[in-house]
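Both backbone and side-chain heavy atoms feed into the values below; hydrogens, waters and symmetry mates do not. Note that the coordinates shown come from a computational prediction; the quantities given were computed from them, not determined experimentally.
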Amino acid sequence: MITKYLDINQDGYSVRCKLMCGTDARTHDRVVICTHGYGGNKDIAWIEKFAEKQTGKHKADAVLAFDWPCHGKDARKKLELDECFEYLRLAVGYARETLGASSVFNYSVSFGAYLTLAYIHDYGNPFARIVSRSTGLMMARHMKDNVAPADLPKLEKGKEVEIGFERKFKIDRQLIDDLEANDVRKFEYFDWADDILLIHGTRDEYIPIEEARAFADTNVIELMEVEGSDHAFRNPTYMDLAIHRTVEFFAPQSQ
């Protein structure tokens with residue numbers, strides 16, 4: 001697999017990307033955009049593993065991953081929902097305009113999966129097919145849960161607070177309000193249901209499987225339940241199952 005690092009510099013943004021290909025061709029008819037979850041980055045192991053499987057199976061395909069704002073190598077220091085949407089828009093544009101993709105797919109997890117679903121509701125769906133694993137269906141609550149108890153009064157007063165794991169960044173009450181306003185559980189996805197696959201572990205410690213079942217049932221979306229898996233799919237066997245099903249879902253004959 002050939003790996004290249006690049007930046008999408010456009011509209012005042014600089015999106016740090018990682019492009020993985022089965023060949024050294026400059027254009028690719030099919031591109032899969034992969035997005036990581038909260039606290040992750042474009043170099044996370046599952047993205048690399050998926051890209052190896054996807055480009056191994058379909059050598060002409062490319063996989064494009066990028067760092068969300070305030071994650072990985074990204075330069076921003078305050079997380080804002082609109083900027084996350086801009087990053088995804090720019091990645092789709094790069095796939096189409098620079099890589100020449102006629103079909104763009106999306107495989108995202110957790111926070112990235114939430115952002116993808118919120119994006120297509122607000123801006124329309126540019127993706128041929130979407131796989132959403134461990135989807136952050138209660139994102140406002142989970143983002144607030146990352147705030148230290150001592151900082152909660154500051155957040156409620158409208159002040160910025162710092163959160164994060166290895167990398168810290170700022171959030172404010174506006175982000176929580178925006179996440180609440182963009183609660184994907186309240187949106188309808190019937191128009192795209194046939195082209196969306198949810199993958200969720202039955203032992204997800206952050207988003208209960210019941211939430212995924214309710215979302216899937218409401219929108220008539222296929223749900224693949226992985227018995228015993230946690231939120232991060234730490235068990236390699238479970239991760240392999242998710243990746244195998246995703247590659248299968250993105251196969252050309254499935255379009």
Side-chain angles (χ1 to χ4, degrees), residues 12-16 34-47 65-88 108-119 121-122 132-187 198 200-215 228-235 238-239:
Y13 299 104
S14 183
V15 185
R16 311 298 172 87
C34 274
T35 78
H36 61 80
Y38 172 85
N41 59 69
K42 63 185 177 301
D43 292 307
I44 200 163
W46 74 262
I47 292 180
F66 63 88
D67 291 327
W68 288 117
C70 305
H71 288 73
K73 300 294 185 183
D74 183 71
R76 282 175 146 60
K77 297 180 180 179
K78 182 181 177 182
L79 188 64
E80 298 181 13
L81 185 60
D82 285 347
E83 291 189 341
C84 292
F85 290 156
E86 283 298 301
Y87 277 37
L88 186 53
S108 296
V109 308
S110 194
F111 181 49
Y114 159 79
L115 289 170
T116 297
L117 291 177
Y119 178 91
H121 174 268
D122 287 0
S132 183
R133 175 164 64 81
S134 304
T135 312
L137 293 168
M138 302 174 289
M139 209 61 240
R141 193 188 86 181
H142 290 308
M143 191 64 70
K144 198 171 178 180
D145 285 346
N146 284 298
V147 178
D151 286 338
L152 284 172
K154 291 167 58 180
L155 181 72
E156 294 304 326
K157 290 178 181 178
K159 296 181 180 179
E160 294 179 350
V161 297
E162 229 178 29
I163 63 171
F165 298 127
E166 294 181 6
R167 176 175 173 179
K168 303 292 184 182
F169 53 88
K170 297 175 182 178
I171 67 167
D172 59 15
R173 182 67 216 188
Q174 185 61 55
L175 175 66
I176 304 300
D177 291 344
D178 288 344
L179 293 173
E180 288 175 346
N182 286 272
D183 185 341
V184 296
R185 295 172 299 175
K186 298 176 182 177
F187 298 158
L198 301 181
H200 212 91
T202 60
R203 294 187 180 179
D204 190 312
E205 65 275 30
Y206 296 112
I207 300 97
I209 187 64
E210 290 78 15
E211 288 286 342
R213 288 170 181 161
F215 181 78
S229 182
D230 61 358
H231 183 73
F233 278 62
R234 291 183 179 87
N235 185 310
Y238 300 151
M239 181 65 78

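The shortest side-chain heavy-atom distance between Asn182 and Met139 does not fall under the 4.5 Å cut-off. Using a 4.5 Å heavy-atom cutoff, the side chains of Phe215 and Ile207 are not in contact. Side-chain contact between His71 and Cys84 is absent, with no heavy atoms from C-beta onward closer than 4.5 Å.
Salt bridge absent: Lys154 and Glu162 never bring a charged side-chain N and a carboxylate O closer than 4.0 Å. A salt bridge links Asp67 with Lys42: the distance from a Lys NZ or Arg NE/NH1/NH2 to an Asp or Glu carboxylate oxygen falls below 4.0 Å. Looking at Lys144 and Glu156, a side-chain N of the basic residue comes within less than 4.0 Å of a carboxylate O on the acidic one, giving a salt bridge.
Remark: the backbone N or O of Tyr38 is not paired with any side-chain donor or acceptor of Trp68 at under 3.5 angstrom.
Here the straight-line distance linking atom CG of Leu152 with atom NZ of Lys157 works out to 12.0 Å at 0.5 Å rounding. Rounding to the nearest 0.5 Å places NZ of Lys73 at 13.5 Å from OG of Ser14. With rounding to the nearest 0.5 Å, the separation of CE in Met143 from CG in Leu155 is 11.0 Å. One distance of note links CD of Glu211 with CG of Asp204; it measures 10.5 Å at 0.5 Å rounding. How far NE2 of His142 is from CG of Leu137: 8.0 Å, rounded to the nearest 0.5 Å. Atom CZ of Arg141 is separated from atom CD1 of Ile176 by 12.5 Å, given to the nearest 0.5 angstrom.
Heavy-atom contacts from other residues, nucleotides or ligands closer than 6.0 Å to OH of Tyr206 number 12 or fewer.
Sorted by first then second residue, the side chain to side chain donor-acceptor pair (under 3.5 Å) pairs that include residues 108-118, not counting sequence neighbours, are Thr35-Ser108, Asn106-Ser108, Asn106-Thr116, Ser108-Thr116, Ser110-His231.
Leu79 and Pro69 get closest at one heavy-atom pair: CD1-O, 3.4 Å. Residues Trp46 and Cys34 come closest through the heavy atom pair CZ3-SG, 4.2 Å. Of all non-hydrogen atoms in Pro149 and Pro153, the two that sit nearest each other are O-CD, 3.6 Å. Residue Tyr13 comes nearest to Tyr87 through the heavy atom pair CD2-CE1, 3.6 Å, listed as atom of the first residue, atom of the second, then distance. Looking at every heavy atom in both residues, Gly228 comes nearest to Thr202 through N-OG1, 2.7 Å. For Arg133 against Ala232, the heavy-atom pair with the smallest separation is NH1-O, 3.9 Å.
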Please report, to 0.1 Å, the donor-acceptor pairs under 3.5 Å made by any side chain of residues 164-172, with sequence neighbours excluded.
from	atom 1	to	atom 2	distance (Å)
Arg167	NE	Cys70	O	3.2
Arg167	NH1	Gly72	O	3.0
Arg167	NH1	Asp74	O	2.7
Arg167	NH2	Asp74	O	2.9
Arg167	NH2	Arg76	O	2.6
Lys168	NZ	Gly164	O	2.9
Asp172	OD1	Gln174	N	3.1
Asp172	OD1	Leu175	N	3.2
Asp172	OD2	Lys78	NZ	2.7

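Scored by the salt bridge (Lys or Arg N to Asp or Glu O under 4.0 Å) test, Lys159 finds no partners at all (sequence neighbours excluded).
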